[in-house]
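I have placed the structure first, in the form of structure tokens, so that the comments after it can refer back to it.
The shown structure was predicted, so the numbers you read here are calculated from the model rather than taken from an experiment. Each residue takes its place number in the sequence, starting with 1.
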Amino acid sequence: MASTSYAYTPAEAAAVSEIGVKSVNNAIDKRIIETHRVGSRGRALTDEDLLRLKLWYGVGSILSAERRKRLFDTIDQNPDAETVRADDYLIIDVARAREQLAARAEALREAERMIESVKGVVGGEPVFKRTRVPVRTIAAMKTQGASTAEIVEGYPSLTERIVELAEIWVAAHPARGRPRKLSEQGLKVKSVKRVSLNENVSKPSGSTS
């Protein structure tokens with residue numbers, strides 16, 4: 001049975017391949033990979049393009065641009081090969097690269113199924129379905145060091161899997177413009193606490209007041 005082919009925007013390609021979106025656009029501009037017109041999505045990339053991206057930057061510190069291009073030619077000539085010899089000392093595990101990309105691509109599609117934007121709910125911000133929890137808030141908490149367990153404890157309506165998917169979804173859908181204020185998201189500040197810095201500064205041992 002033929003495998004399903006997917007199309008990705010540059011931001012989605014960056015999220016799946018774990019390469020910066022600027023690097024993805026740079027690869028497109030330099031024609032390292034070719035883009036394709038897919039309906040209203042504009043320029044889009046395929047799974048094979050993502051493989052090229054991952055390998056191009058993955059072995060960039062080892063192989064010259066010319067040798068990487070020859071590597072791509074070898075892969076094109078042997079599409080079912082699990083490994084490809086780049087030179088006398090380097091063998092590329094193409095199958096492993098494909099597996100990693102496929103897993104992240106499926107995670108992104110899973111996230112898409114769990115997230116929605118509803119007019120009137122948190123100001124139209126993307127939220128997890130059947131909740132009022134903004135996806136970008138959860139992704140920001142993860143970025144700032146909060147563990148999945150801590151987030152689930154604070155947001156009982158979420159599961160660990162949902163929390164884990166927040167980051168890849170936000171990477172694939174970067175916010176545009178300035179961050180929205182709480183009031184613009186339909187949220188309100190319930191309380192504000194001011195703490196004096198002096199209250200949190202511990203005195204050195206042996207010091208006197």
Check salt bridge (charged side-chain N to carboxylate O under 4.0 Å, His left out) between [X] and all other residues, then give those that pass, not counting sequence neighbours.
{"X": "E99", "value": "R96"}
{"X": "R113", "value": "E106"}
{"X": "R68", "value": "none"}
{"X": "E153", "value": "none"}

For this session: Keeping to residues at least two apart or across chains, list the salt bridge (charged side-chain N to carboxylate O under 4.0 Å, His left out) pairs with something in residues 134-152.
Result: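 Pairs touching residues 134-152 that pass the test: none.
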Does one hydrophobic cluster hold both [X] and [Y], with members joined at side-chain heavy-atom distances below 4.5 Å?
{"X": "W169", "Y": "L101", "value": "no"}
{"X": "V170", "Y": "I138", "value": "yes"}
{"X": "V122", "Y": "M114", "value": "no"}
{"X": "L71", "Y": "I62", "value": "yes"}
{"X": "I115", "Y": "L108", "value": "no"}

Do you know the tightest heavy-atom contact between [X] and [Y]?
{"X": "A27", "Y": "L53", "answer": "CB-CD2, 3.7 Å"}
{"X": "A172", "Y": "A11", "answer": "O-CB, 3.5 Å"}
{"X": "S117", "Y": "P126", "answer": "OG-CA, 3.5 Å"}
{"X": "T131", "Y": "S157", "answer": "CG2-OG, 3.8 Å"}

Exercise. Does any pair with a residue in residues 136-166 pass ring-ring contact (aromatic ring centres under 6.0 Å, His included), and if so which ones, sequence neighbours excluded?
Worked result: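 Qualifying pairs: none.
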For this session: Begin with the C-alpha distance, continue with both residues' side-chain angles, and end with the deciding distance and a verdict on side-chain contact (heavy atoms from CB on, under 4.5 Å) for L45 and T9.
Result: CA-CA 6 Å; L45 292 83; T9 65; over 6 Å; no
Could you list the donor-acceptor pairs under 3.5 angstrom formed between side-chain atoms of residues 76-84 and any protein atom two or more places apart in sequence or on another chain?
from, atom 1, to, atom 2, distance (Å)
D76, OD1, R52, NH2, 3.2
D76, OD2, R52, NH2, 2.6
N78, ND2, T74, O, 2.9

Exercise. Which residues satisfy the side chain to side chain donor-acceptor pair (under 3.5 Å) test with E167, sequence neighbours excluded?
Worked result: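 Counting only residues at least two positions away or on another chain, E167 forms no side chain to side chain donor-acceptor pair (under 3.5 Å).
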Exercise. What pairs with R85 under side chain to side chain donor-acceptor pair (under 3.5 Å), at least two apart in sequence or on another chain?
Worked result: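 R85: no side chain to side chain donor-acceptor pair (under 3.5 Å) contacts found.
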Measure the shortest side-chain to side-chain distance between [X] and [Y] over non-hydrogen atoms and say whether it is less than 4.5 angstrom.
{"X": "T46", "Y": "Y6", "value": "no"}
{"X": "R98", "Y": "E48", "value": "yes"}
{"X": "R132", "Y": "V127", "value": "no"}
{"X": "K22", "Y": "N26", "value": "no"}

For this session: Evaluate whether atom NZ of K30 has more than 12 neighbouring non-hydrogen atoms of other residues, nucleotides or ligands under 6.0 angstrom away.
Result: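 Check fails, neighbour count at 12 or below.
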For this session: Look up atom CG in L50 and atom CG in L55, then write down how far apart they are to the nearest 0.5 Å.
Result: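 Nearest 0.5 Å value for the CG-CG distance: 10.5 Å.
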Problem set entry | Under 3.5 Å donor-acceptor, Y57 side chain and S23 backbone |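 Yes, Y57 side chain to S23 backbone: donor-acceptor pair under 3.5 Å.
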Exercise. Is it true that a side-chain atom of E164 and a backbone atom of R161 form a donor plus acceptor pair closer than 3.5 Å?
Worked result: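 No, the answer is negative, given that no donor and acceptor are paired below the 3.5 Å cut-off.
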For this session: List in chain and number order the residues that pass ring pair (Phe, Tyr, Trp, His ring centres under 6.0 Å) with F72, two or more places apart in sequence or in another chain; answer none if no residue qualifies.
Result: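 Per chain and number, F72 pairs via ring pair (Phe, Tyr, Trp, His ring centres under 6.0 Å) with W56.
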Problem set entry | Residue pair D49 / Y8, side-chain donor-acceptor N/O under 3.5 Å |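 Result is no, nothing qualifies.
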Exercise. Does R67 have any side-chain contact (heavy atoms from CB on, under 4.5 Å) partners at least two apart in sequence or in another chain, and if so, which?
Worked result: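 If we apply the side-chain contact (heavy atoms from CB on, under 4.5 Å) test to R67, skipping adjacent residues, the hits are L63, S64, R70, D87.
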For this session: Hydrophobic side-chain clustering at under 4.5 Å (ILVMFWY, transitive links): who's grouped with Y89? Put none if nobody.
Result: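 Traced through the cluster, Y89 reaches no other member.
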For this session: Give the intermediate values and the outcome of salt bridge (charged side-chain N to carboxylate O under 4.0 Å, His left out) for residues E12 and R109.
Result: CA-CA 10 Å; E12 290 170 344; R109 289 190 288 272; over 6 Å; no
